[in-house]
**Q** 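Dumping the structure here so I can ask a few things about it.
By convention in this document, chain letters (A, B, ...) are assigned in the order of the sequence lines, proteins followed by strands, and residues within each chain are numbered from 1.
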Amino acid sequence: MAVTQVVRSEWTKIRSVQSTVWTLGLAAVVTIGLGALISALSKSEYENLSPRDQLTFDPTFISFAGLSLGQLAMVVFGVLVVSNEYSTGMIRMSLAAVPQRGTFFFSKVAVATVLALLVSLVTTFATFFLGQALLGNLSASIGDPGVLRAVIGAALYMTLMAVFSMGVAAMLRSPMLSLGILVPFFFLVSSILGAVSATEKIGRFLPDQAGSKIMQVVAPLNDDTPYGPWGGLGIMALWVIASLALGYALLRHRDA
Amino acid sequence: MIELSGLTKRYGERVAVNNLTFTVRPGIVTGFLGPNGAGKSTTMRMILGLDRPSAGDVRIDGRHYAQLHDPLRQIGALLDAKAMHGGRTAYNHLLCLAQSNGIPASRVTEVLDTVGLTPVARKRAKGFSLGMGQRLGIAGALLGDPRILMFDEPVNGLDPEGIHWIRNLMKSLAHQGRTVFVSSHLMSEMALTAEHLVVIGQGRLMADTSMADFIRENSRSYVTMRSPERERLLDVLHAAGIAVADGPDGAVEVDGVAAPELGELAARERLVLHELSPRQASLEEAFMQLTAESVEYHAHDGDPGAVRGGPAPGGGATSGGEGQWGAGWGGPEQRRRKG
Ligand SMILES: Nc1ncnc2c1ncn2[C@@H]1O[C@H](COP(=O)(O)OP(=O)(O)OP(=O)(O)O)[C@@H](O)[C@H]1O
Ligand SMILES: [Mg+2]
């Protein structure tokens, strides 16, 4: 079973279903739109900020504000790419065609990841430049230290969110169940854990919080985060690897 | 060729497929018959390597499914016509399957034409009728031009024209020397298409026989007679050298003598008859009785004769059943033939 055949097949699968493609478009539009809105608002509110907040004002990070919502579209994309197979029953045709389940699963994940990464790169560069344009004299430049890392890092973050969701969807199979767990988790639980001081230290090892460290250019005052930008992304990557490994292990042993 | 040996599938306590051993041969249509829940689909999923057998083994031309190189080129299957993404067009659905097995895109156009879906090739599958979905599923099975084809209840939900089409398709595939394995729960359907028959009930093998043998042994005609003077009727028949069997409710059943002859005989003897009716045991009846046995066996594993007060051997055991079901084949309603 040639891997290139399976990769080509998975590419056909992704591009031939509109709903999946739309979620990627939605991720881009939401991230860019909301990022622009919040950048514009931050510019007009800057005068009212305390001197302390003005000191740690991070124009790069602010332009990525739309990611809080856009990442959910990436989650939906990741879930749909995998769970579509189960909800439609296509999985049986797919595994009959490609009985090597590892080849099947990782080809699918690879194709979806590359596509997600391309869309994410376009999105984060667009949202960065648009956001900076709206921030006017407060803006950062792509050549400033750490900025390029943050922009590329934001794209990696978006992509990893999608890949993490693919692993979870492979475990749970049902799209409703997967979304019902992932969306509230990233939208509510993670931020609640991060906001309460007692759980904050646990919260920052969650994939989204650890991963988002890479988008920061100006660290907050008294920052005691025990990892740096790449360390944070590394923690997120570990989560992703665990999710894929578990998803694959279940796919391998389960009846289809 | 598909070879099953001791194939077994348990879901928790439930044994869905129980120690199946049989071979599906090339060049003929083999019908796979069993009532709902008998384990047909489960068996087919195990053949395709989708479900892991709890015990036993299944081989496709001597190899395990996972060892097949580009499996769609060796064995094509229709499991569930709805098992496709409704948002994908018919063409793209087949294209992604074809690409995974290195089948050229031109073949996609070909099979779409074979099943008559060319006009809707670029339409999304969710708008398809049941019959169109079935045809698309069959196109998927034909895609790799495989030597072995497997169809799980392909005529489900099809109109007469579609059923006719599928019957001819299966026959012509077998005629080309391919192995064709098709499941159904309708005996009448199988009688029209299958040359060989594998019957299962409750996951167990009930029969593995040629269609011709099955028909010969199970479509006997007989005559039911009733008379208020039952004893005298028996004497008269006996005197004429006619073998009889007990029917239900005191009826007498006669094999091998036509109804007019029996009526004339009774008239000569001035015997009052309340019934004189020629009957034919249908294949469907034979099949139902065969599989009903499995329920009995399931509940009272052991001696079925004890359950119904006397076995009825020789009622029409088909070959190859290896005695495991043949002993009880007869059933409570079945006429017990006296010599
Ligand atoms: N995944 C599963 N988990 C638990 N039980 C199952 C599973 N799949 C099948 N079964 C059980 O196994 C038995 C056989 O089912 P199967 O679908 O193979 O029968 P079938 O002969 O195809 O029936 P039908 O004619 O209705 O399609 C049934 O009792 C069913 O409930
Ligand atoms: Mg079935």
**Q** Supply the atom-to-atom distance Arg101(A) CZ to Leu50(B) CG, rounded to the nearest 0.5 angstrom.
**A**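 That separation rounds to 6.5 Å.
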
**Q** Looking at every heavy atom in both Arg52(B) and Asp255(A), which two are closest together, and how far apart are they?
**A**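 Distance-wise, the nearest heavy atoms are N-OD1, 2.9 Å.
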
**Q** What's the separation between atom SG in Cys96(B) and atom CE in Met90(A), rounded to the nearest 0.5 Å?
**A**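 Spacing of SG (Cys96(B)) from CE (Met90(A)) equals 4.0 Å.
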
**Q** For the candidates Leu78(B), Leu48(B), Asp51(B), Ile75(B), which exhibits the highest count of non-hydrogen atom pairs separated by less than 4.5 Å from chain A?
**A**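 Option with the top pair count is Asp51(B).
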
**Q** Distance from Leu72(B) atom CG to Met93(A) atom CE, nearest 0.5 Å?
**A**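 These two atoms lie 6.5 Å from each other.
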
**Q** Measuring heavy-atom distances to chain A, does Arg73(B) have an atom under 4.5 Å in its side chain, in its backbone, in both, or in neither?
**A**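 Contact with chain A involves no heavy atom of Arg73(B) at all.
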
**Q** Within a strict 4.5 Å, meaning less than it, do heavy atoms of the His85(B) and Lys13(A) side chains meet?
**A**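 Not in contact.
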
**Q** Please state whether the side chain, the backbone, both or neither of Ala98(B) comes within less than 4.5 Å of a heavy atom of chain A.
**A**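 For Ala98(B), no heavy atom lies under 4.5 Å from chain A.
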
**Q** Is it the backbone or the side chain of Arg254(A) that comes under 4.5 Å from a heavy atom of chain B, or both, or neither?
**A**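 It is the backbone, since no side chain atom gets that close.
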
**Q** Might you point out which heavy atoms bring Asn92(B) and Thr12(A) nearest each other, and give the distance in Å?
**A**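 Heavy-atom minimum between the residues: O-CG2, 4.1 Å.
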
**Q** Shorter than 4.5 Å, heavy atoms on both sides: which option in Gly89(A), Ser107(A), Ser94(A), Ser87(A) has the most such pairs with chain B?
**A**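 Top count of heavy-atom pairs under 4.5 Å with chain B: Gly89(A).
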
**Q** On a heavy-atom basis, which atom in Gln99(B) and which in Gln5(A) lie closest, and how many Å separate them?
**A**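 That would be O-CB, 3.2 Å.
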
**Q** Take atom NE2 of His64(B) as the centre, draw a 6.0 Å sphere, and report whether it contains more than 12 heavy atoms from other residues, nucleotides or ligands.
**A**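 Atom NE2 in His64(B) is packed in, count exceeds 12.
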
**Q** Count the heavy atoms of every other residue, nucleotide or ligand shown that sit under 6.0 Å from CZ of Arg25(B), and state whether that count exceeds 12.
**A**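 No, because the 6.0 Å sphere around CZ of Arg25(B) holds 12 heavy atoms or fewer from other groups.
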
**Q** Which of the residues Gly49(B), Gly137(B), Gly102(B) is involved in the greatest number of heavy-atom pairs with chain A at under 4.5 angstrom?
**A**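 Highest number of pairs under 4.5 Å: Gly102(B).
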
**Q** Counting neighbours of NZ on Lys82(B) that are heavy atoms of other residues, nucleotides or ligands and sit closer than 6.0 Å, is the number greater than 12?
**A**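 Not buried by this count: 12 neighbours or fewer within 6.0 Å.
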
**Q** How long is the straight-line distance from OG of Ser9(A) back to CG of Leu95(B), given to the nearest 0.5 Å?
**A**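 Atom-to-atom, Leu95(B):CG and Ser9(A):OG are 8.0 Å apart.
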
**Q** Of the non-hydrogen atoms in Tyr65(B) and Ala97(A), which two are nearest, and what is the gap between them?
**A**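 Closest heavy-atom pair between Tyr65(B) and Ala97(A): OH-N, 4.5 Å.
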
**Q** As an exercise: rank Glu10(A), Glu85(A), His253(A) by heavy-atom pairs under 4.5 Å with chain B and give me the winner.
**A**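 Most heavy-atom pairs within the cutoff with chain B belong to His253(A).
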
**Q** Ser100(B) and Val98(A): which non-hydrogen atoms are nearest, and at how many Å?
**A**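 Scanning both residues completely, I find the closest heavy atoms to be CB-CG2, 3.8 Å.
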
**Q** Might you point out which heavy atoms bring Arg88(B) and Ser16(A) nearest each other, and give the distance in Å?
**A**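 Where Arg88(B) meets Ser16(A) most closely, the heavy atoms are NE-OG, 3.0 Å.
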
**Q** Contact part of Lys126(B) toward chain A, heavy-atom cut-off under 4.5 Å: side chain, backbone, both or neither?
**A**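 Neither part.
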
